[in-house]
Engineer: 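Below is a structure I'd like to ask you about.
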Amino acid sequence: MSYTKKILEQAIAKNPHEPEFHQVMTEILSTLQPFVDSRPEYEKAGILERLTEPERVIMFRIPWVDDAGKMQVNKGYRVQFNSAIGPYKGGLRFHPSVCLSIVKFLGFEQIFKNSLTGQPIGGGKGGSDFDPKGKSEREVMAFCQSFMTELFRHIGANTDVPAGDIGVGGREIGFMYGQYRRLTNNIEGVLTGKGLAYGGSFVRAEATGYGLVYLVDEMLRHNGESFEGKTVIVSGSGNVAISATEKVQQLGGNVVAMSDSNGRIYDADGIDLDAVKEIKEVNRGRISDYKNYRPNAEYTEGKNVWDIKCDIALPCATQNELSGEDAKTLIRNGCFAVGEGANMPATLEAVEVFLKSKMMFAPGKAANAGGVATSSLEMSQNFMRTSWTFEKVDRKLKGIMADIYNNIATAAKEADCEGNFIVGANIAGFKKVADAMLQQGTV
Ligand code: NDP
């Protein structure tokens with residue numbers, strides 16, 4: 001049996017009841033097989049055994065008091081997966097579905113993504129099963145302060161630098177940063193996604209969505225296409241979905257659909273993004289409220305966006321939101337390019353359908369790396385005690401996404417899998433981390 005297959009089986013057996021972690025390991029290790037098996041030094045040094053085991057897993061209790069005066073307790077996690085090339089870096093997710101399997105899947109994926117950015121950052125991820133939806137401002141603050149009261153002892157500007165993810169935006173980062181500063185008496189760039197008034201970077205809020213569109217645009221251009229005049233569907237209506245929609249519209253594409261976990265909107269005239277921003281960012285409302293702004297738009301409860309006819313699809317909500325059947329529907333309707341804004345939004349079956357169809361497919365590991373890349377730029381600015389302009393950060397982000405595209409396209413070609421950016425991204429991301437681990441000995 002090949003080394004990769006053996007370690008994949010072992011890792012699955014050693015981590016039972018963690019389906020999302022199994023899924024991401026299967027995707028990554030199976031595509032790495034020919035590359036890793038042709039280099040016996042990796043097996044000799046036990047690289048895969050080490051890579052699939054987090055350096056450290058921290059789990060903790062988060063007690064807080066709700067507005068009714070009742071004690072609530074949530075679970076907290078930080079998985080510090082791999083620091084071979086830099087401090088652990090990766091977001092915090094607050095969502096009721098958060099569990100060890102999801103945090104490990106995201107942390108494992110993050111190792112390769114961060115490596116692909118070309119920045120010196122390792123992989124980590126964290127979060128809680130706390131649900132910010134429907135909570136008052138005071139409850140969210142009480143929770144964030146309690147979360148940081150445990151987490152602060154495990155992180156630091158040179159150790160582990162968390163950021164946002166689902167359910168964690170500027171508001172939550174602000175509350176956590178304030179508590180960190182109070183507990184440590186230390187002003188440092190310990191979190192990214194901070195407000196501009198206290199060490200944040202221009203473009204960080206937009207970076208994942210903008211970066212996604214920059215990378216997909218690069219992929220389209222290499223195939224004689226562009227966003228101009230194309231019909232685009234976007235799932236989700238959070239941070240990534242909103243900024244992706246904004247950039248597509250700037251490049252002349254027509255985004256006709258968005259969604260949330262309750263349903264989807266379809267607006268043939270093109271999504272009114274100001275309306276979506278007001279609903280989601282100001283009122284913290286539901287996407288169904290869009291009908292109040294654009295009565296001619298359609299809202300469908302309980303439905304995702306994948307059966308809407310489009311040229312380009314950008315899944316930007318959550319993992320496993322796009323099934324094999326959805327993938328077939330997209331292709332039947334003429335969709336010719338997919339870029340993953342979310343982490344692992346397409347199931348293994350959906351990815352197989354895309355690859356077989358030879359459509360253009362940009363995997364999340366590469367396509368949504370603009371967020372963490374800009375977080376790394378925020379860290380650089382914090383260390384230098386400076387602040388770059390919007391234009392400067394945006395230019396750097398664009399350059400990073402173009403480099404990522406070139407690296408994954410070249411790695412795919414070298415592996416005799418031209419156009420298969422999953423193989424390209426996995427090999428390009430893996431090689432740097434594995435070589436750093438080899439050079440650092442048995443740590
Ligand atoms: P947000 O919390 O800002 O938004 C998430 C959006 O997805 C919301 O509109 C949410 O709707 C929707 N959603 C969640 N679950 C479902 C579901 N089951 N079906 C349909 N819609 C759903 O998160 P982000 O935009 O930050 O993150 C989105 C994705 O992008 C995640 O996979 C995240 O890991 C990934 N990502 C984020 C980065 C970042 O910088 N923020 C960086 C790289 C990747 P509702 O409000 O109803 O829950």
Side-chain angles (χ1 to χ4, degrees), residues 20 24 89-98 102-103 105-107 109-110 112-114 116-117 123 125-127 130-135 162-173 191-193 201 203-212 215 233-246 257-265 276-277 279-281 283-290 300-306 314-323 326 339-346 363-376 378 397 401:
E20 292 85 2
V24 76
K89 185 89 198 81
L92 298 171
R93 175 177 292 191
F94 293 168
H95 192 272
S97 64
V98 167
I102 287 190
V103 181
F105 125 60
L106 291 164
E109 176 89 345
Q110 197 83 42
F112 304 89
K113 180 188 310 192
N114 292 3
L116 277 178
T117 66
K125 199 83 189 189
F130 173 75
D131 186 0
K133 245 181 263 159
K135 302 288 189 302
D165 191 78
I166 292 180
V168 179
R171 174 181 66 171
E172 291 75 18
I173 293 287
L191 293 166
T192 55
S201 172
V203 197
R204 176 58 191 93
E206 298 86 354
T208 307
Y210 278 19
L212 164 69
L215 187 127
I233 58 174
V234 174
S235 66
S237 47
N239 172 286
V240 180
I242 286 177
S243 47
T245 300
E246 185 165 275
M258 293 182 84
S259 63
D260 64 16
S261 53
N262 289 106
R264 68 138 193 251
I265 47 165
V276 175
K277 283 184 179 176
I279 294 164
K280 288 292 172 181
E281 295 177 348
N283 304 337
R284 295 186 186 272
R286 308 308 302 156
I287 203 69
S288 53
D289 299 343
Y290 187 81
T300 319
E301 180 82 14
K303 230 173 166 203
N304 61 33
V305 295
W306 312 123
L314 303 176
C316 295
T318 194
Q319 66 273 359
N320 293 327
E321 56 166 316
L322 198 164
S323 68
D326 295 328
E340 293 187 321
N343 283 309
M344 207 168 74
K365 194 176 292 108
N368 69 34
V372 75
T374 308
S375 275
S376 180
E378 182 174 331
L397 170 63
M401 299 316 292

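Counting from 1, the numbers follow the sequence of the chain as shown. One-based numbering, in listed order, for ligands and for the atoms of each.
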Engineer: Is NZ or CZ of Lys135 both nearer than 6.0 Å to the six-membered ring centre of Phe130 and within 45° of the ring axis?
Structural biologist: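 Checked: cation-pi criterion met.
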
Engineer: Considering only the protein, which heavy-atom contact is closest to atom 29 (C) of ligand 1, and what is its distance?
Structural biologist: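 Protein heavy atom with the smallest distance to atom 29 (C) of ligand 1: Ala317 O, 3.2 Å.
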
Engineer: Let me see the working for Ile233 and Leu314 under side chain to side chain contact (heavy atoms under 4.5 Å, CB included), right down to the final yes or no.
Structural biologist: CA-CA 6 Å; Ile233 58 174; Leu314 303 176; over 6 Å; no

Engineer: Nearest to atom 45 (P) of ligand 1, what protein heavy atom do you find, and at what distance?
Structural biologist: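 Checked against all protein heavy atoms, atom 45 (P) of ligand 1 sits closest to Ser261 OG, 3.4 Å.
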
Engineer: Check the side chains of Asn114 and Thr117 for a donor-acceptor pair under 3.5 angstrom, ignoring hydrogens and angles.
Structural biologist: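 Side chains of Thr117 and Asn114: no pair found under 3.5 Å.
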
Engineer: Heavy atoms only: which of Asp165, Leu212, Ile102, Ile242 is nearest to atom 36 (N) of ligand 1?
Structural biologist: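 Considering heavy atoms of Asp165, Leu212, Ile102, Ile242, the nearest to atom 36 (N) of ligand 1 sits in Asp165.
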
Engineer: Looking only at protein heavy atoms, which one is nearest to atom 16 (C) of ligand 1, and what is the separation?
Structural biologist: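 Result for atom 16 (C) of ligand 1: Thr318 CG2, 3.7 Å.
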
Engineer: Looking only at heavy atoms of Lys365, does any of them come nearer than 4.0 Å to an atom of ligand 1?
Structural biologist: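 The answer is no, since Lys365 has no heavy atom less than 4.0 Å from ligand 1.
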
Engineer: Are any of the side-chain nitrogens in Glu340 or Lys365 under 4.0 Å away from the carboxylate oxygens of its partner?
Structural biologist: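 Salt bridge between Glu340 and Lys365, a charged N being under 4.0 Å from a carboxylate O: no.
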
Engineer: Considering only non-hydrogen protein atoms, determine which one is nearest to atom 48 (O) of ligand 1 and report residue, atom name and distance to 0.1 Å.
Structural biologist: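 It is Lys133 NZ, 2.9 Å.
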
Engineer: For atom 10 (C) of ligand 1, is there a protein heavy atom at a distance under 4.0 Å?
Structural biologist: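 Protein heavy atom within 4.0 Å of atom 10 (C) of ligand 1: absent.
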
Engineer: State the CG-NZ distance between Asn283 and Lys277, to the nearest 0.5 angstrom.
Structural biologist: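 So the gap between those two atoms works out to 14.5 Å.
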
Engineer: Using only atom types and a distance under 3.5 Å, with no angle test, would you say the side chain of Glu246 pairs donor to acceptor with the backbone of Ile242?
Structural biologist: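 No; zero donor-acceptor contacts below 3.5 Å.
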
